Amino acid sequence: MKVAVAGTGYVGLVTGVCLAENGNEVTCVDIDENKIARMEQGISPIYEPGLEELMHKNKERLHYTTDYQSAYEDADVIFIGVGTPEKKDGSANLTYVYRVVEQIAETVRKDCVVVVKSTVPIGTNDKVENLLKNNLKHPVNISVASNPEFLAQGTAIRDTLHASRIVLGVEDKLAEDTLRTVYAGFKDVPLLITNRKSAEMIKYASNDFLALKISYINEIANLCEIVGANIDDVAKGMGYDARIGDRFLHAGIGYGGSCFPKDTKALNWLASYNDAELKTIKAAIEINEQQKLKLLKKSRKYYPDFTGLTVAVLGLTFKPGTDDLREAPSLVNIPIILEDNAKVKAWDPVGQENFRRKFPDDITYCDSIAETLKDADICFIFTEWPEVRALTPEDFLTSMKKPIVLDGRNCLDYESFHSSDVIYESIGR
Ligand code: UDX
């Protein structure tokens with residue numbers, strides 16, 4: 001099939017590359033000429049393990065362009081994979097989606113299926129269809145389908161090629177048949193065919209449930225601290241029950257990233273807009289906001305303020321395996337520490353450059369963990385990178401001025417740290 005994909009971020013580019021891997025002829029469209037030029041040289045604009053290898057392997061079937069007309073005019077399928085960032089009121093900003101829709105309406109010259117992959121509020125696919133039909137320049141038949149994406153950053157290729165499910169929200173046969181053909185190569189992946197609104201809801205309900213699961217375990221972890229239980233064992237004990245499952249029960253300083261924070265707020269907004277209330281989701285959002293500051297609260301009993309102290313920060317990104325800083329706990333905590341007049345030294349294996357763009361002057365960026373810890377009065381762990389997980393009490397004891405370690409990801413071995421001379425605190429243990 002001849003496929004065009006609008007947007008070359010995590011969703012768009014990964015979709016395009018994986019569809020090419022499965023035999024489709026794919027053109028990726030972006031407005032950023034720089035990005036396109038780099039992708040033509042085989043360089044991925046995002047850090048995602050395995051992506052560049054697949055770009056290289058499928059280079060005959062993969063094309064990149066800023067010229068949307070040439071990509072859309074004779075495509076069988078056009079995927080929309082542009083961002084839907086959060087607006088100030090929590091609702092989803094659909095400007096980029098609608099801009100692509102207008103470009104499609106202006107340029108398509110043959111019957112095709114337009115597929116919304118971006119995460120969009122329930123009912124958006126209907127609006128996309130109306131907008132397309134009212135603005136078409138040429139007499140063609142267009143079907144609109146919803147096909148939400150469930151990939152996680154850092155495992156995006158695996159999550160797409162070996163997806164847990166492919167959800168197709170369709171209202172007509174053309175859309176269903178075309179998308180079955182596009183996904184024909186994904187043999188072992190369960191396929192759910194439903195209507196468009198249900199598909200749109202599946203995406204939000206899935207992400208919001210996972211966010212809720214994390215906020216739930218964080219709340220239980222906070223209670224574990226008070227009553228003297230250990231969240232690691234509690235989560236393990238819960239996880240044996242297949243109805244609960246053992247994944248996404250890892251307590252810490254809250255979820256970040258481009259999806260959970262945005263999608264919880266967007267569904268909550270949609271519910272309020274329709275005079276409904278999502279009490280569970282509201283609670284998940286509130287708990288997460290408080291959880292992000294949990295380490296800072298713990299630190300106050302050692303230092304009521306950080307004036308003149310050296311603070312070491314290990315990990316800046318919202319999770320390991322990505323250079324993405326969106327909604328990362330580091331972004332909430334570090335400005336407060338800086339306001340306190342501390343000297344901040346930070347290490348992150350891939351997130352440093354992005355962080356430096358936001359905080360160019362105030363932070364000393366270190367090339368190694370040892371350099372970061374040297375002479376520090378306290379250490380905050382915000383991301384569980386493998387290099388951080390591998391640290392032993394000795395690593396802190398030999399380098400830090402005062403070995404106070406606050407582990408926001410429960411990634412260090414509790415027994416060995418607790419029995420060492422390190423002053424060690426984590427979440428719910
Ligand atoms: C998520 C979903 O997993 C994915 O299906 C969806 O399509 C997009 O949103 P992503 O944001 O890339 O993916 O990362 P994920 O691995 O889910 O982690 C999100 C956040 O939750 C991270 O900050 C992570 O640290 C946190 N988290 C995750 C926990 O705090 N505890 C857990 O048990 C799991």
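This chain uses plain numbering: 1 for the first residue, then up along the sequence. Each ligand, and each atom within it, is numbered from 1 in the order the structure gives. If you're wondering where the values come from, they're calculated on a predicted model, not measured in any experiment. Atom set for the values below is all heavy atoms of this structure, side chains included, hydrogens, waters and symmetry mates excluded.
Classified by interplanar angle (parallel below 30°, tilted 30° to 60°, perpendicular above 60°), the ring pair Tyr424/Phe417 is tilted.
Checking only distances, Ser258 never comes within under 3.5 Å of ligand 1, N or O to N or O. At least one N or O atom of Lys203 sits closer than 3.5 Å to an N or O atom of ligand 1.
Scanning all heavy atoms of the two residues, the minimum distance from Arg196 to Asp126 falls at NH2-OD1, 2.9 Å. In this structure, Phe186 and Thr160 approach most closely via the heavy-atom pair CE2-O, 3.3 Å.
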| task | List the steps and the verdict of side chain to side chain donor-acceptor pair (under 3.5 Å) for Arg38 and Thr8. | result | CA-CA 12 Å; Arg38 284 165 66 81; Thr8 60; over 6 Å; no
| request: Assess whether side chain to side chain donor-acceptor pair (under 3.5 Å) is satisfied between Ser258 and Gln153, documenting all intermediate values. | output: CA-CA 9 Å; Ser258 61; Gln153 287 171 229; 3.2 Å; yes
| Pair Leu412-Phe396, side-chain contact (heavy atoms from CB on, under 4.5 Å): steps then yes or no | CA-CA 12 Å; Leu412 298 177; Phe396 295 94; 4.0 Å; yes
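Contacts between Lys319 and ligand 1, counted as non-hydrogen atom pairs separated by less than 4.0 Å, involve the side chain only. Proximity of Leu151 to ligand 1, defined as any heavy-atom pair under 4.0 Å, is confined to the backbone N, CA, C and O atoms. With a 4.0 Å heavy-atom cut-off, ligand 1 is reached by the backbone of Leu249 but not by any atom from C-beta on.
Under a 4.0 Å heavy-atom criterion, Arg409 is in contact with ligand 1. Within the 4.0 Å heavy-atom shell around ligand 1 one finds Gly256. Contact between Glu327 and ligand 1 is absent, with no heavy atom of the residue lying under 4.0 Å from the ligand.
No donor-acceptor distance shorter than 3.5 angstrom exists from the side chain of Ser91 to the backbone of Lys87, with no hydrogens or angles considered. The closest donor-acceptor contact from the side chain of Asp407 to the backbone of Cys411 lies under 3.5 Å. A donor-acceptor contact shorter than 3.5 Å links the side chain of Ser118 to the backbone of Ile80.
In this structure, the protein non-hydrogen atom closest to atom 19 (C) of ligand 1 is Phe260 CE1, 3.6 Å. Annotation: atom 9 (O) of ligand 1 to nearest protein heavy atom, Cys259 CB, 3.0 Å. Protein heavy atom closest to atom 33 (O) of ligand 1, with residue, atom name and distance, is His250 N, 2.9 Å. Protein heavy atom at the shortest distance from atom 28 (C) of ligand 1 is Ile214 CD1, 3.5 Å.
The ligand atoms of ligand 1 that sit less than 4.0 angstrom from a heavy atom of Gln153 are 12 (O). Those atoms of ligand 1 that come under 4.0 Å of a heavy atom in Glu149, given as number and element, are 7 (O). In the vicinity of Tyr255, heavy-atom distances shorter than 4.0 Å reach the ligand 1 atoms 20 (C), 21 (O), 23 (O), 26 (C). Those atoms of ligand 1 that come under 4.0 Å of a heavy atom in Ala152, given as number and element, are 3 (O), 12 (O), 13 (O).
Relative to the ring axis of Tyr365, Lys345 does not place its NZ or CZ within 45° and under 6.0 Å from the centre. Both tests do not hold together for Arg409 against Phe382: distance to the six-membered ring centre under 6.0 Å, angle to the ring axis within 45°.
In the candidate list Phe248, Phe150, Phe318, Phe248 is nearest to atom 17 (O) of ligand 1, counting heavy atoms.
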